[in-house]
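In each ligand, atom 1 is the first atom listed, and ligand 1 is the first ligand listed. Worth knowing before you read on, the calculation uses all heavy atoms, side chains too, and leaves out hydrogens, waters and symmetry mates.
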Amino acid sequence: MTARILDGKKLAAEIKADVKERTALLKQRGVTPGLAVVLVGEDPASKVYVGQKEKGCLEAGFASFLHRLPESTSQGELLALIERLNSDRTVHGILVQLPLPRQIDPDTVLAAIRPEKDVDGFHPVNMGRLVAGLPASEPCTPKGIMRLLKSTGLTLSGKEAVVIGRSNIVGKPVALMLLAESATVTICHSRTEDLAAHVRRADILVAAVGKPRFVTGDMVKEGAIVVDVGINRLEEGLVGDVDYEPAAERASWITPVPGGVGPMTIAMLLENTLEQAERSLPARR
Ligand code: NDP
């Protein structure tokens, strides 16, 4: 079997076009979706991500508020900025780019964002709502992964899903979302014994490890859907957590790196911000 490409770039472009259209309608009603992105320090990867997010906002017709703070920013200063953004009615979404410098506790900062403006879905209230199966602002990368999976048209219900990675931003939430779709979910991590045996059972495999080509071709079940979340920067360029060529020979669908999950993350961020702006409208009579 040779896998079909699960094309995140194409799907993200479709979602962005839809966001742009809905933004234009919203603007006619006097509301411009506004996203505030806060970047503290000089982390090079963070700068790239923030640049991509700003570009996405401008293309969609949003107002983009970029706050660049120095590496030496104190937690108190950052919390004061978040407080201002929380009460700013032109700001519908607030995103604090991680990682933060060492003097700042990310959990304290994320919890300070008003849950309704938490377009990254990292606030404990939104995480709790996700666990409880209640409507929530969902984290962008896992939400994007679910959209990609659904775009295959295959049913997820009852399927064996294996997630490698248990981070709060990818592994854990995507496992919950797969469970909500009635997949049978296994979460693997660095302490998992005989990881390959778990992975070989997967009809749906999500790799979010952060190790280049960690999943080898022989671990992939024939016909599996493989979603590679990993972004590993090597001299040869960006590579994922899955050894693409041999995995693609066995999978039915596979995401490329780049051009798979990455573009979906930004599309979901824009969609979350737009939805928050739409909710700010008074109900039509
Ligand atoms: P983390 O480093 O937070 O988590 C990595 C997870 O992998 C941990 O749960 C860890 O287990 C597990 N792990 C590490 N080594 C092994 C091993 N040898 N065997 C099994 N499990 C292992 O990473 P993130 O979740 O933040 O990100 C994962 C990858 O996804 C990274 O490459 C990142 O760049 C990428 N990413 C891509 C995004 C996108 O938009 N495409 C967005 C976010 C992330 P343990 O918990 O036991 O330590």
Side-chain angles (χ1 to χ4, degrees), residues 5-13 15-16 37 43-56 95-100 106-107 110 119-122 127 130 138-149 161-178 185-202 205-216 219-220 226-234 236-244 254-272:
I5 306 290
L6 204 38
D7 189 341
K9 207 168 158 189
K10 181 157 167 268
L11 183 57
I15 293 165
K16 284 178 177 171
V37 176
D43 181 78
S46 293
K47 280 187 181 170
V48 173
Y49 296 142
V50 164
Q52 289 168 345
K53 287 166 188 172
E54 198 179 20
K55 185 164 161 266
L95 182 152
V96 178
Q97 186 65 46
L98 301 176
L100 290 165
D107 292 334
L110 295 178
V119 282
D120 247 346
F122 296 159
M127 301 264 277
L130 184 62
E138 291 182 337
C140 302
T141 301
K143 191 179 176 186
I145 293 169
M146 295 309 291
R147 280 297 172 84
L148 278 168
L149 289 173
V162 173
V163 178
I164 319 178
R166 55 172 162 177
S167 73
N168 284 340
I169 64 171
V170 190
K172 227 183 272 178
V174 83
L176 287 165
M177 291 176 191
L178 285 162
V185 185
T186 303
I187 308 177
C188 298
H189 46 77
S190 66
R191 307 292 175 89
T192 299
E193 286 178 12
D194 200 357
L195 180 129
H198 290 286
V199 175
R200 278 191 195 107
R201 284 200 331 268
L205 174 64
V206 178
V209 196
K211 293 202 153 63
R213 303 190 181 105
F214 180 82
V215 175
T216 51
M219 292 187 200
V220 174
V226 177
V227 177
D228 187 351
V229 190
I231 302 178
N232 305 290
R233 288 184 172 76
L234 302 184
E236 65 198 85
L238 283 190
V239 302
D241 289 344
V242 176
D243 196 2
Y244 184 87
I254 189 166
T255 58
V257 176
V261 176
M264 292 300 292
T265 298
I266 305 224
M268 293 300 106
L269 172 67
L270 298 175
E271 193 180 84
N272 279 354

Measure the shortest side-chain to side-chain distance between [X] and [Y] over non-hydrogen atoms and say whether it is less than 4.5 angstrom.
| X | Y | result |
| --- | --- | --- |
| Leu178 | Ile145 | no |
| Ile254 | Asp228 | no |
| Arg166 | Arg191 | yes |
| Leu11 | Met264 | yes |

Quiz prompt | Asp120 side-chain N/O to Leu95 backbone N/O, donor-acceptor pair under 3.5 Å | solution =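 Side chain of Asp120 to backbone of Leu95, a donor-acceptor pair under 3.5 Å: no, none is there.
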Self-check item: Asp243 side chain to Val215 backbone, donor-acceptor under 3.5 Å
Solution: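 Here the side-chain-to-backbone pair does not exist.
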Please report which non-hydrogen protein atom sits nearest to [atom], along with the residue it belongs to and the distance in Å to one decimal place.
| atom | result |
| --- | --- |
| atom 29 (C) of ligand 1 | Gly210 N, 3.7 Å |
| atom 33 (C) of ligand 1 | Ile231 N, 4.2 Å |
| atom 15 (N) of ligand 1 | Lys211 NZ, 3.1 Å |
| atom 5 (C) of ligand 1 | Val209 O, 3.4 Å |
| atom 42 (C) of ligand 1 | Thr141 OG1, 3.3 Å |
| atom 48 (O) of ligand 1 | Ser190 OG, 3.6 Å |
| atom 19 (N) of ligand 1 | Phe214 CZ, 3.3 Å |
| atom 27 (O) of ligand 1 | Val170 CG2, 4.4 Å |

Of all the atoms in ligand 1, which lie at a distance below 4.0 Å from a heavy atom belonging to [X]?
| X | answer |
| --- | --- |
| Gly165 | 6 (C), 7 (O), 9 (O) |
| Leu195 | 20 (C) |
| Ile169 | 26 (O) |

To the closest 0.5 Å, what do you measure between [atom1] ([X]) and [atom2] ([Y])?
| X | Y | atom1 | atom2 | value |
| --- | --- | --- | --- | --- |
| Ile164 | Asp241 | CD1 | CG | 8.0 Å |
| Ser46 | Gln97 | OG | CD | 4.5 Å |
| Met127 | Leu110 | CE | CG | 9.0 Å |
| Arg147 | Leu6 | CZ | CG | 13.5 Å |

Can you check which of [options] brings a heavy atom nearest to [atom]?
| atom | options | value |
| --- | --- | --- |
| atom 4 (O) of ligand 1 | Gly230, Ser167, Pro173 | Ser167 |
| atom 37 (C) of ligand 1 | Val229, Asp241, Leu238 | Val229 |
| atom 39 (C) of ligand 1 | Thr265, Thr192, Leu269 | Thr265 |

Quiz item: Of all the heavy atoms in Gly262, does at least one lie under 4.0 Å from an atom in ligand 1?
Solution: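 Checking ligand 1 against Gly262, which is what was asked, there is a heavy-atom contact under 4.0 Å.
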Quiz prompt | Heavy atom of Ala208, distance to ligand 1 below 4.0 Å | solution =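 So Ala208 counts as touching ligand 1.
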Quiz item: Between Arg166 and ligand 1, does any nitrogen or oxygen pair lie at a separation below 3.5 Å?
Solution: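 Yes - when backbone and side-chain N and O of Arg166 are compared with those of ligand 1, one distance drops under 3.5 Å.
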Exercise. Please report the shortest heavy-atom distance between Val119 and Cys140, naming the atom on each side.
Key: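 Nearest pair, atom of Val119 first, then Cys140: O-SG, 3.4 Å.
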Self-check item: Flag: protein heavy atom within less than 4.0 Å of atom 2 (O) of ligand 1
Solution: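 For atom 2 (O) of ligand 1 the answer is no, since every protein heavy atom stays at 4.0 Å or beyond.
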